[in-house]
Every structure is written in structure tokens, then in C-alpha cells.
> 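One structure, as C-alpha cells, below. Some questions next.
All figures in this text were calculated on a predicted structure; none of them were measured in a lab. Both backbone and side-chain heavy atoms feed into the values below; hydrogens, waters and symmetry mates do not.
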Amino acid sequence: MSVIIPIAILLILFVIGTPVAFCIFISTLSYFLMSNQPMIMLIQRLAGGLESVTLLAIPFFIMAGVFMNHTGISARLLKFCEVLTGHMNGGLAQVNVALSTLMGGLSGSNIADAAMNSKLLVPQMVARGYSASFSAAVTAAGSLITPIIPPGIAMIIYGYVNNVSIGRLFLAGVIPGTLLCILMMILVSIISKKRGYLPIREKRASCKEIALSAKDAVLALLLPIIIIGGIRMGVFTPTEAGAVAVIYAIILGTLIYRNMDLKQLWLATRESALGAANVLLIICMAVAFSKFLTWERVPQALAQWMTTIVDSPITFLMLVNIALLVLGMFLEGNAIMIVLAPLLAPIAHSYGIDPIHFGIVFIFNGAIGTITPPLGTVMFTTCSITEVPIEKFIKDVLPFWGLLLIELLLLTYIPSISTWLPNLVYGVAN
């Protein structure tokens, strides 16, 4: 009962719409009250949940992404994307997808990406004849590339809670993220052709035009390369890479582009602090929650139960996908990851599933949940900014859901999509 009641409280609080961090805290508190554990242990677990140098990477990368937005780098990347994809069917929608892919290497957050494109591109798309609901659907679906493009915040959290190499996870997301971008652009082209959404350029850009537009964007595009290269060569850790990214963004904004003054620096710092606090508060609460599950041997019991009913890794991965997709309809992705990943990752390992492969599958499942009703966070963010009714959004996002499920199946059952690059760079893990 000391486990069942806290979990029941957690689910009830989720259903009635209580903020995620408070749901987890109240359910954890109920366990301590019922089990007569000293309250000082709860305080220690809460504080201990943030006592990790690794977690410093989260506020650093959030700050770097926000600073990049305030320097006007998004406008430079937008122009670059227009040159690259403007000649394709649905030119501005293609720009939307391409911009999400490039910004994924800067912001690390799909909600931040969706919010930016909802303000930046959706009004332009509507003005050029795109339906508001299709524009919102493209924006929301495209933002899901962000969590699996390094340096995704979800990768840092997953690596922290499961003791998995964050550098490997960063590399593991490159091919899946690029593949999702390509598949999404193909789908956008098909839909745009049927609906008559025209290109924004009459012909493909010349090499000279591409080179000129890349000139303004190249400094921003170098950031993911600097981060991954620095981590791989041992110049800095993932946490230090976050600090380097912040310094790089400040140098771009103040010395090179000269678009950031003291007022903008303050606003960007404030926005970064609020964004980081939201994520870290959930982590703090969820670590304490996972501790009491460990004390009650829930992971071991779950592993034993799973191995008795599932006899192959293929079946196990299928069940995990189904469970995560259903949970993603109701719960926030980071909360699911922090609570469930430490339970499921050891079971996956017992089936011989590569931890990097399982991590990418888990992260992508959480991303899909953010545009899934009834409680998808990216869905609500996009619809609230664009003022598109949820029912119209759902109608236009259906083809993208199908595409995301295809990508999920590919990632699930072709492990080399996510493991080939990290194994090539780091060597095969023992």
C-alpha cells in the first residue's frame, strides 16, 4: 500500500491538471507520511536530486538558445533556409521544417522552437495563403526534430538519470534528426502540391546565393559542431560545453552581430532562468520519487514481471512504445523520462538492447506525446500562440502523426540508425 497509494495520488493529480512538479512532490510526500520515514530524508533526496555537475548543462544550453534568439540569429537562419528550400512545393512550410532542424542545434527545446516559429513563421504562412491549422501543424511537428538533434535537453536528462554517455547520445541523434527532417519535407511537399501551396522562389538557388546566405548563418551553424567536437576530443565535458555555448552566444550577440545590448542581455537571462527553473524543479521532485520506488524494489519487481511475460527484445520494445505513447497523451515528457527511464532501461539492458539505442527511442516517444491530445504541451503552446482551435489542429496534424510513427518504428527496429555514428566516433561500447 505504501507504493500503490502514492502512485494513485500521482495519477489523480495528473488527471485533474495539477502542475507536474507538484504532482510528483505530493505523491512522494504521501509515501514518507505513510512509511514513517524521517522527513529529513525527503529534504535530502530533494536537494540531492540537483547535486550533479551534469545538470548544469541544462541551464547553460537553455541560456545559449535564448541568447541566440535575442541576437537575431534566427532571422539569419531563416534567410538561409529560404535560399535552401524556397524553390520546393510549399516553400515557406519547407523553410519552417528546415529552420526547426537548424535551431534544434541551438535551443535544445521543442517548446521553445515551437513558440519561436509560431510567432515568426505562422503569420507569414497565413499571409501567403496557407491555412492557419496547417501552418500550426507543420510548426508543431517540425519542432519534434529538436529533442533528438544535439544538444537536446532531453538527451542531457536521459543521460543523467540513466548514467549514459551524453556525448554518445548527442551523436546518436544526428542521423535520426536528419532523417526526420527529410521525411517531413517530403510529406510537406506532397500535401502542399495537393493544396496548391506554391514555392516562394521561382527556381533553385545558385551555389553563389547559397554561399552568400550561409556566410551570415555559418557562425551559428558552427555551434553544434564545436559542442560535439569539443566533447569528443576531450576539450570539455557536456556541462562545460554548455558554458562554452553561452560564451559563444554572448560573443556573437555583443561583439560580432552587435544586436544585444544590456537590456536584451537582462531579458534573455531572465527568460533563461525561468525556463531552466521549470525543468530543474521537475527533475528535483522526480529524483526523490524514483528513490522511494527503488527503496520498495519496484524496478526489480517490474523487471521480473516483464521477463516472465515477454520473451524477446522485439516484443519488449513494442510494449514500451505503446506504453510511452499512451502515457505521453497525458503526462509531460521529462516527467515520464525521469520516473520511468530508470525502471525500463535496466530491463532493456537485460534483453541486450543497446542503452544509446533505447535512449533515442525513449526520447522520441516523449517528443511524440507533446503534440498528442489531450494534454500535449507543444500542441497547446502552438495553438495558443496561433489561436488555432485544437480540433482543426488535430485534423491537419494527422499525416504528421503517421510520419512520426513510421520514424519511431525505424528507430526501434533498426538500431544502427542511432548507434552507427556514436560507435564510429567513440568505438563500440563494451
> What's the verdict on side-chain hydrogen bond (donor to acceptor under 3.5 Å, both in side chains) for S143 and N117, showing C-alpha distance, side-chain angles and the deciding distance?
CA-CA 9 Å; S143 73; N117 282 356; over 6 Å; no

> S27 and I9: which non-hydrogen atoms are nearest, and at how many Å?
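Smallest interatomic distance, heavy atoms only, reads CA-CG2, 4.3 Å.
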
> Rounded to the nearest 0.5 Å, what separates atom CD1 in I145 from atom CG in L180?
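The CG atom of L180 is 4.5 Å from CD1 of I145, to the nearest 0.5 Å.
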
> Quick one: does any side-chain atom of Q124 pair with a main-chain N or O of L121 as donor and acceptor, under 3.5 Å?
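Not confirmed, Q124 side chain does not pair with L121 backbone.
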
> Are the side chains of P176 and E407 in contact, using a 4.5 Å heavy-atom criterion?
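In short, these two side chains touch, coming nearer than 4.5 Å.
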
> Taking D396 first and then R195, would you say they form a salt bridge - that is, a charged N and a carboxylate O separated by under 4.0 Å?
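Salt bridge: yes.
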
> Assess the residue pair L404 and F364 against the criterion (side-chain contact (heavy atoms from CB on, under 4.5 Å)); give the C-alpha distance rounded to whole Å, side-chain angles, the decisive distance to 0.1 Å, and a yes or no.
CA-CA 9 Å; L404 293 170; F364 192 59; 3.7 Å; yes

> Say you draw a straight line from CD1 of I394 to CD1 of I371; how long is it, rounded to the nearest 0.5 Å?
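Answer for the CD1-CD1 pair, I394 versus I371, is 10.5 Å.
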
> Under the side-chain contact (heavy atoms from CB on, under 4.5 Å) criterion, do T382 and V388 qualify, and how do the steps go?
CA-CA 8 Å; T382 306; V388 171; over 6 Å; no

> Is a side-chain N or O of S189 found less than 3.5 angstrom from the main chain of I186, in a donor-acceptor match?
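Not confirmed, S189 side chain does not pair with I186 backbone.
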
> Step by step, work out the side-chain contact (heavy atoms from CB on, under 4.5 Å) result for I148 and I363.
CA-CA 7 Å; I148 55 174; I363 291 166; 4.1 Å; yes

> Does T85 use its side chain to pair, donor to acceptor, with the backbone of C81 at less than 3.5 Å?
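Indeed, once roles are kept as given, a pair shorter than 3.5 Å links the two residues.
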
> Looking only at heavy atoms, what is the nearest atom pair of F134 and A93, with distance?
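For F134 and A93, the tightest heavy-atom pair comes out as CE2-CB, 4.1 Å.
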
> Distance from F362 atom CZ to L340 atom CG, nearest 0.5 Å?
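Here the interatomic distance stands at 5.0 Å.
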
> Less than 4.5 Å apart, any side-chain heavy atom of L325 and any of L405?
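Yes, side chains in contact.
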
> Determine whether M39 and L29 make a side-chain contact, defined as any pair of heavy atoms from C-beta on separated by less than 4.5 Å.
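Touching, per the 4.5 Å side-chain cut-off.
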
> Quick one: closest heavy-atom pair of L187 and P399, and the distance?
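Scanning both residues completely, I find the closest heavy atoms to be CD2-O, 3.6 Å.
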
> Would the number of heavy atoms belonging to other residues, nucleotides or ligands and lying under 6.0 Å from CZ of F22 be above 12?
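No, because the 6.0 Å sphere around CZ of F22 holds 12 heavy atoms or fewer from other groups.
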
> Counting only heavy atoms not in L424 (residues, nucleotides, ligands), do more than 12 fall under 6.0 Å from its CG?
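Count over threshold, so yes.
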
> Is S416 reaching over with its side chain to a backbone N or O of T419, donor-acceptor style, under 3.5 angstrom?
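Not at all, since once roles are kept as given, no pair shorter than 3.5 Å links the two residues.
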
> Assess whether side-chain contact (heavy atoms from CB on, under 4.5 Å) is satisfied between N423 and R168, documenting all intermediate values.
CA-CA 8 Å; N423 286 344; R168 282 182 175 269; 3.3 Å; yes

> Would a distance-only check, ignoring hydrogens and angles, find a side-chain to backbone donor-acceptor pair under 3.5 Å from N162 to V164?
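It does not hold such a pair.
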
> For the residue pair Y426 and G167, what are the closest heavy atoms and their distance?
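Looks like OH-CA, 3.5 Å.
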
> Quick check for you: to the nearest 0.5 Å, what is the distance between W401 atom CH2 and I368 atom CD1?
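Rounded to the nearest 0.5 Å, the CH2-CD1 separation comes out at 11.0 Å.
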
> Does the pair T139 and N96 meet the rule for a side-chain hydrogen bond (donor to acceptor under 3.5 Å, both in side chains), with working shown?
CA-CA 6 Å; T139 299; N96 197 326; 2.9 Å; yes

> Tell me whether Y197 contacts the main-chain N or O of S131 through its side chain, where contact means a donor paired with an acceptor under 3.5 Å.
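Yes; judged by distance alone, with no hydrogens or angles, the pair exists.
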
> Looking only at heavy atoms, which two atoms of S133 and K392 are closest? And how far apart?
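Closest pair (atom of S133, atom of K392, distance): CB-O, 3.7 Å.
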
> Working to the nearest 0.5 Å, report the span between CD1 of I175 and CG of L411.
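Reported to 0.5 Å precision, the distance equals 10.5 Å.
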
> Might you point out which heavy atoms bring S118 and I385 nearest each other, and give the distance in Å?
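Where S118 meets I385 most closely, the heavy atoms are CB-CG2, 3.6 Å.
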
> Is any side-chain heavy atom of M379 less than 4.5 Å from a side-chain heavy atom of V397?
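Of all side-chain heavy-atom pairs linking V397 with M379, none is under 4.5 Å.
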
> Is the backbone of V188 close enough, under 3.5 Å, to the side chain of Q94 for a donor and an acceptor to pair up by distance?
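Not at all, since once roles are kept as given, no pair shorter than 3.5 Å links the two residues.
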
> Would you say that Y31 contacts I5 through its side chain, given a criterion of any heavy-atom pair below 4.5 Å between the two side chains?
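With C-beta onward as the side chain, the pair stays apart.
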
> Hey, are the side chains of N321 and L408 touching, using non-hydrogen atoms and a 4.5 Å cut-off?
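Yes, side chains in contact.
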
> With a 4.5 Å limit on heavy-atom distance, are the side chains of H357 and L317 in contact?
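Contact flag for H357/L317 side chains = yes.
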
> When rounded to the nearest 0.5 angstrom, what distance separates CG in L99 from CD in E82?
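Here the rounded value is 9.5 Å.
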
> Considering only heavy atoms from C-beta outward, does the side chain of I166 approach that of Y158 to under 4.5 Å?
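With C-beta onward as the side chain, the pair stays apart.
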
> Applying the side chain to side chain contact (heavy atoms under 4.5 Å, CB included) test to F60, which of I156, V246, I247 qualifies?
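For F60, the side chain to side chain contact (heavy atoms under 4.5 Å, CB included) check succeeds only for V246.
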
